[in-house]
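Input: a single structure, listed below in C-alpha cells.
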Amino acid sequence: MVAVLVAASLFTKQILWTPITAINMKDIVRNQFKMTNATFVGTDKDNNPFKIHAVSGNQEFNKPDIVFLVQPSGTIVRNTANGKVTDKISAAKGQFNHKNKTLKLTGNVRVYSSTGDKISTNEMVIRL
C-alpha cells in the first residue's frame with residue numbers, strides 16, 4: 001500500500017511547495033532563538049550574585065549578545081558603604097547584554113531595595 005502511494009506521487013509529478021514570497025524571512029531571522037521561562041544567573045564585576053528571570057525571551061540573529069526579555073524580574077546584590085544591599089527588580093521589558101553585562105529595563109520599572117528604598121521609572125540601565 002505504501003509503495004503504491006509513493007509510486008503514485010512520482011507518476012503524477014505533483015510537488016507540494018510553499019512560495020518563497022509567503023515566508024516572512026525577517027520574522028524568522030529576528031526571532032530565530034526563542035525561550036520561555038528563562039532564568040539567567042551570574043555574578044557582577046564585584047562577585048555579587050544576580051538572578052534575572054523572564055516570562056519569555058529571544059535573541060536576534062544580527063544581535064547575538066543581547067537577549068530581549070518580556071516581563072523580567074529578579075534580584076541583584078550590590079556593595080554600598082553600609083554593606084551589601086539586595087534589590088528586587090521588575091519591568092515590562094528588558095534587554096540583557098551578556099557581553100557588556102548590562103541590563104536595560106523599560107516600561108513600569110520597579111526596584112525595591114532591602115534598605116526600604118523604592119524606585120519607579122520608565123527606563124533604567126543596570127551595570128552588572
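Starting from 1, each residue takes its place in the sequence as its number.
Alongside Met124, the hydrophobic cluster contains Met35, Phe40, Phe50, Ile52, Val67, Leu69, Ile76, Ile89, Phe96, Leu103, Leu105, Val109, Val111, Ile119, Ile126, Leu128 (criterion: ILVMFWY side chains under 4.5 Å).
Asn79 and Asn48 form a side-chain donor-acceptor contact under 3.5 Å, judged by distance and modelled atom types alone. Looking only at atom types and distance, the side chain of Asp117 has a donor-acceptor partner in the side chain of Thr115 under 3.5 Å away.
Among all heavy-atom pairs drawn from Ser113 and Arg78, the shortest one is OG-NH2, 3.9 Å. Of all non-hydrogen atoms in Thr43 and Lys101, the two that sit nearest each other are O-NZ, 2.5 Å. Pairing each heavy atom of Gly94 with each of Pro72, the nearest pair is N-CG, 3.9 Å.
Taking OG1 of Thr106 as the reference point, atom CG of Asn122 lies at 9.0 Å (rounded to 0.5 Å).
The closest side-chain heavy-atom distance from Gln95 to Lys63 is not below 4.5 Å.
Applying the side chain to side chain contact (heavy atoms under 4.5 Å, CB included) rule to Ser120 yields the partners Arg110; only residues at least two apart in sequence or on another chain are considered.
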Evaluate the criterion side chain to side chain contact (heavy atoms under 4.5 Å, CB included) for residue pair Ile66 and Glu60; output intermediate values, then yes/no. CA-CA 8 Å; Ile66 299 174; Glu60 294 180 1; over 6 Å; no

Can His53 and Ser73 be said to form a side-chain hydrogen bond (donor to acceptor under 3.5 Å, both in side chains), step by step? CA-CA 5 Å; His53 176 80; Ser73 62; 5.7 Å; no

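Within a 6.0 Å radius of NZ in Lys51, other residues, nucleotides and ligands contribute 12 heavy atoms or fewer.
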